[in-house]
Amino acid sequence: MRAVLLSIKPEWWEKILAGEKDLEIRKTAPRAGAGGPEPWPLLVLAYVSGTGAVLGQFLCMGWVKSNCFRYLASRSCVPAEDLEKYAGGKSLYGWIVGEAEEYETPSPLAEFGLTRPPMSWQYIEIPDDKEE
């Protein structure tokens with residue numbers, strides 16, 4: 001099954017699990033078609049920086065593209081000033097986070113055929129036993 005592996009900081013992962021963060025901010029977003037996953041929702045595996053492992057997953061229900069940083073900040077827990085700086089004059093994508101879950105046992109990157117995590121995110125093929 002095609003999914004996305006997303007690198008995420010520990011504090012943002014905790015906020016997603018707690019239900020405080022329902023947008024994950026990125027400069028790009030997955031696209032349907034052209035080899036991308038269809039249909040939505042998209043399974044996103046969370047590689048948590050500094051752990052060396054995938055600690056859980058969430059369903060991405062879609063995304064919004066915006067340069068209204070106050071709106072993005074209110075849903076992403078990232079200060080608007082930081083978003084504006086990160087955007088560099090462009091719009092950002094807010095990946096809509098739904099149904100997050102933490103794995104009982106972390107999954108090493110090697111399970112997904114990887115030796116290092118993506119800088120931001122990448123498509124991956126996941127083994128059948130990792131599917132929902």
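None of these values were measured; they are calculated from a predicted model.
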*Taking side chain to side chain contact (heavy atoms under 4.5 Å, CB included) as the test, write out the residues that go with Ser7, two or more places apart.*
Tyr47, Pro117, Pro118
*Please identify each residue that fulfils side chain to side chain contact (heavy atoms under 4.5 Å, CB included) with Glu102, with sequence neighbours left out.*
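Partners of Glu102 by the side chain to side chain contact (heavy atoms under 4.5 Å, CB included) criterion, ordered by chain and then number, come out as Trp13, Leu17.
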Looking at [atom1] of [X] and [atom2] of [Y], how far apart are the two atoms once the value is rounded to the nearest 0.5 Å?
X      : Y     : atom1 : atom2 : answer
Lys21  : Glu14 : NZ    : CD    : 12.5 Å
Glu101 : Phe58 : CD    : CZ    : 12.0 Å
Glu104 : Leu55 : CD    : CG    : 13.5 Å
Leu5   : Leu45 : CG    : CG    : 6.0 Å
Ile25  : Leu83 : CD1   : CG    : 5.5 Å
Met61  : Leu59 : CE    : CG    : 6.0 Å

Which atoms form the tightest heavy-atom contact between [X] and [Y], and what is the distance?
X     : Y     : answer
Thr51 : Val48 : OG1-O, 2.6 Å
Trp63 : Pro30 : NE1-O, 3.1 Å
Leu6  : Arg26 : CD1-CZ, 3.4 Å

_Measuring only between side-chain heavy atoms, which start at C-beta, is Glu24 closer than 4.5 Å to Ile16?_
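Yes; the side chains approach each other to less than 4.5 Å.
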Hey, can you pull the donor-acceptor pairs under 3.5 Å for the side chains in residues 66-82, sequence neighbours left out?
| residue | atom | partner | partner atom | Å |
| --- | --- | --- | --- | --- |
| Ser66 | OG | Cys68 | N | 2.9 |
| Tyr71 | OH | Arg75 | NH1 | 2.3 |
| Ser74 | OG | Tyr71 | O | 2.7 |
| Arg75 | NE | Asp22 | OD1 | 3.0 |
| Arg75 | NE | Asp22 | OD2 | 3.4 |
| Arg75 | NH2 | Asp22 | OD2 | 3.4 |
| Ser76 | OG | Leu72 | O | 2.8 |
| Ser76 | OG | Val78 | N | 3.3 |

*asked:* The test is side chain to side chain contact (heavy atoms under 4.5 Å, CB included); show your working for Val97 and Leu23 and say whether it passes.
replied: CA-CA 6 Å; Val97 175; Leu23 281 184; 6.0 Å; no
Report, one line per pair, each donor and acceptor closer than 3.5 Å where one atom sits in a side chain of residues 86-95; sequence neighbours left out.
| residue | atom | partner | partner atom | Å |
| --- | --- | --- | --- | --- |
| Tyr93 | OH | Arg31 | NH2 | 2.9 |
| Trp95 | NE1 | Thr28 | O | 3.0 |

*salt bridge (charged side-chain N to carboxylate O under 4.0 Å, His left out) with Glu20: which residues, sequence neighbours excluded?*
Lys15
